[in-house]
Each structure stands twice: as structure tokens, then as C-alpha cells.
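What follows is a short report on a single structure.
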Amino acid sequence: MKWIDISQPLNNNIATWPDDTPFSYEAAWTKEQTGSVNIGKITMSLHTGTHIDAPFHFDNEGRKVIDLDINIYIGPARIIDVSQHKSIGAKELANYDLAGTSRLLLRTAPSNPYVFPNKITYLREGIGPFLKEKGIQLIGVDVPSVDPLDSKDMAAHYSLFNHGVHILENVVLDHVEPGDYELIAQPLPLEAADGSPVRAVIKPIQKGD
Ligand SMILES: Nc1ccccc1C(=O)C[C@H](N)C(=O)O
Ligand SMILES: [Zn+2]
Ligand SMILES: [Zn+2]
């Protein structure tokens, strides 16, 4: 069984949050200029593409990316399809088997990495306590935010982190089935940062593994 990429491709056409820093890759120096190598340079918002949030994203006193436990972002994860719901709270998730997994990925709708959505399936405030009780420490969504796009209070972000649930955003789940997988989605060792791009990959868990 091979690893499957569930990351958005990073290129100059990827969607960014409105008015946020566009993604750009360019050659700072070309091979012709250096005589030996191409040297690329990227500019991007840390919330573009598949990425994790650190609490410092919404809380000035919150932890930065370097402070987050790398063990959260690697290990067994369950993918469930919640695409029939407009928003997700304890009520919707009560119908799913969440036992025995500490990472949960929600498939809400097909992904288009090149168009910023105008409406998304979001998580409601009571989600943090509910997921904590179920033993979930990482929630992944296939949209740019766990809160509504126009949220200012970031209620779901707070609710999740206040209950030890870490946030992964903009995964691509169109080409994978609900079920149990191994997940790796490590942030970069960014010391000052509020978020980090990740390469998110999954591998189906085989019986007997
Ligand atoms: N890039 C932004 C620019 C302005 C305001 C919000 C955002 C966000 O990214 C929020 C989103 N909930 C996030 O955590 O990724
Ligand atoms: Zn983010
Ligand atoms: Zn976020």
C-alpha cells in the first residue's frame, strides 16, 4: 500500500484568503545567473493550501508552531463523510463511530484549490468539548477554516484548542474513501509562526498492520 497525497498543490494559481498574501514561487537566481544552480524563493500566507494553525493565529498569548507536539501530526486517523450537513456539532457527529482514533478528518465537499469558496461547512462552538470527550486531538477539514468564513470571534478555533484539539485545514479528500488510515502532516519548525504549510499524506491501515 502506497502513501496517498491529500495536500493541495502549491503553485501560483492556488487560492488565498481574500486580501491575504498571494502564493508565489520565483527563481531568486537562475542556473544561468549562478553558473551552478537554480535558487527558488517562495512568498505565501501561512494559511494558504494544506496547513495547520497554531493558537498564536487567534490568541496573542497562544503557542507558536514550534511549541506544538509533533506527535499530534503523525499516527492513525479516521476519515468520515459529513457532506450532508451544513455545519458540524456534537449532534451531527453523534451518528458516527469515533471510538479508538485520536485524529479525525472530515470530508464536507469536493475541493477546488484554485477557487476560494464563498460558503463552507463549518464547525459549531460545542465541538471542542465533544471531541475532547471522544479522545480526538487533531481535526482536519477540507475547507480553509473550521469557523464560518466571516467569523470574527473564531469560536470553533477557540473551542477546539481550549480542549486540546489541534487544527488542520484545506486537506483534499475527494480521491479517498472514508475509513482508517495512517496520517503524516508535519508542520515546519517555524519558531515565530501562527501556522505552517504541511505535506499531508495518508496510507490505508491494513488488518494485521
Ligand atoms: N488568512 C486569513 C486572513 C484574514 C483572516 C483570516 C484568515 C485565515 O486564514 C483564517 C482561517 N480560519 C485559518 O485559520 O486559516
Ligand atoms: Zn489557518
Ligand atoms: Zn484556522
Side-chain angles (χ1 to χ4, degrees), residues 6-24 42-70 72-73 77 82 86-89 103-109 111-128 130-132 136-173 183-200:
I6 56 164
S7 318
Q8 294 190 357
L10 292 172
N11 61 50
N12 293 8
N13 296 319
I14 194 169
T16 46
W17 199 274
D19 301 324
D20 205 345
T21 313
F23 180 91
S24 153
I42 61 173
T43 311
M44 69 184 292
S45 163
L46 294 173
H47 300 273
T48 294
T50 309
H51 71 279
I52 60 97
D53 289 348
F56 180 60
H57 181 42
F58 48 88
D59 174 0
N60 283 335
E61 310 303 316
R63 285 173 299 154
K64 313 270 177 75
V65 174
I66 198 77
D67 304 320
L68 302 174
D69 183 354
I70 54 176
I72 296 284
Y73 303 100
V82 293
K86 282 206 161 98
S87 69
I88 307 291
R103 299 172 195 81
L104 186 64
L105 305 181
L106 303 180
R107 185 163 77 184
T108 73
S111 297
N112 184 345
Y114 302 113
V115 177
F116 194 83
N118 45 40
K119 204 165 184 275
I120 59 170
T121 302
Y122 59 91
L123 308 185
R124 296 196 308 276
E125 194 170 352
I127 197 78
F130 175 83
L131 291 178
K132 181 183 178 168
I136 303 292
Q137 291 179 289
L138 178 74
I139 183 95
V141 292
D142 57 2
V143 286
S145 185
V146 292
D147 272 294
L149 294 172
D150 59 358
S151 171
K152 290 288 176 220
D153 65 10
M154 306 296 272
H157 282 80
Y158 277 99
S159 174
L160 291 165
F161 267 112
N162 285 342
H163 293 88
V165 186
H166 296 65
I167 300 171
L168 169 65
E169 292 169 325
N170 274 339
V171 292
V172 179
L173 301 174
L183 168 77
I184 306 177
Q186 289 296 345
L188 301 173
L190 296 166
E191 291 198 350
D194 53 291
S196 173
V198 299
R199 184 72 179 266

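This chain uses plain numbering: 1 for the first residue, then up along the sequence. All ligand and atom numbering here is 1-based and tracks the order in the structure.
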| query | Within the distance-only criterion (no hydrogens, no angle test), does the side chain of Ser45 pair as donor or acceptor with the backbone N or O of Thr21 below 3.5 angstrom? | reply | no

| query | For the Zn ion (ligand 2), which N, O or S atom of Glu169 is at the shortest distance? | reply | OE1

| task | State, yes or no, whether a side-chain contact exists between Gln186 and Ile184 at a heavy-atom distance under 4.5 Å. | result | yes

| query | By number and element, which atoms of ligand 1 are closer than 4.0 Å to a non-hydrogen atom of Glu169? | reply | 12 (N), 13 (C), 14 (O), 15 (O)

| request: Count the heavy atoms belonging to other residues, nucleotides or ligands that lie under 6.0 Å from NZ of Lys132, then report whether that count exceeds 12. | output: no

| message | Show me which atoms of ligand 1 lie under 4.0 Å from any heavy atom of Asp20. | response | 1 (N), 2 (C), 3 (C)

| request: Provide the number and element of each atom of ligand 1 under 4.0 Å from a heavy atom of His157. | output: 12 (N), 14 (O)

| What is the nearest protein non-hydrogen atom to atom 5 (C) of ligand 1, stated with its residue, atom name and distance? | Trp17 NE1, 3.3 Å

| request: Classify the contact between Pro144 and ligand 1 as side chain, backbone, both or neither, using a heavy-atom distance cut-off of under 4.0 Å. | output: backbone

| task | Over 60° means perpendicular and under 30° means parallel, so classify the ring planes of Phe58 and Phe161, tilted if in between. | result | tilted

| task | Starting from atom 14 (O) of ligand 1, find the nearest protein heavy-atom neighbour and note its residue, name and distance. | result | His57 NE2, 2.6 Å

| message | Any non-hydrogen side-chain atom of Val143 less than 4.5 Å from a side-chain atom of Thr121? | response | no

| message | Please tell me whether Tyr114 and Asn11 have a donor and an acceptor in their side chains that are separated by less than 3.5 angstrom. | response | yes

| Close-contact set for ligand 1 against His47 heavy atoms, below 4.0 Å | 1 (N), 9 (O), 13 (C), 14 (O), 15 (O)

| message | Quick check: do Ile6 and Leu183 have side-chain heavy atoms less than 4.5 Å from each other? | response | yes

| query | Can you find a non-hydrogen atom of Asp147 under 4.0 Å from ligand 1? | reply | no

| query | Short list, please: which atoms of ligand 1 are under 4.0 Å from a heavy atom of Ser145? | reply | 11 (C), 12 (N)

| field | Check: His157/Asp53 side-chain N/O donor and acceptor closer than 3.5 Å | value | yes

| Taking atom CG of Asp19 as the centre, does the number of heavy atoms from other residues, nucleotides or ligands within less than 6.0 Å exceed 12? | no

| query | Numbering the atoms of ligand 1 from 1, which are under 4.0 Å from a heavy atom of His51? | reply | 15 (O)

| request: Using the Zn ion (ligand 2) as the apex, give the angle to atoms ND1 (His47) and OD1 (Asp53), rounded to 10 degrees. | output: 90°

| query | Measuring to the Zn ion (ligand 3), does His57 have an N/O/S atom at a distance below 2.8 Å? | reply | no

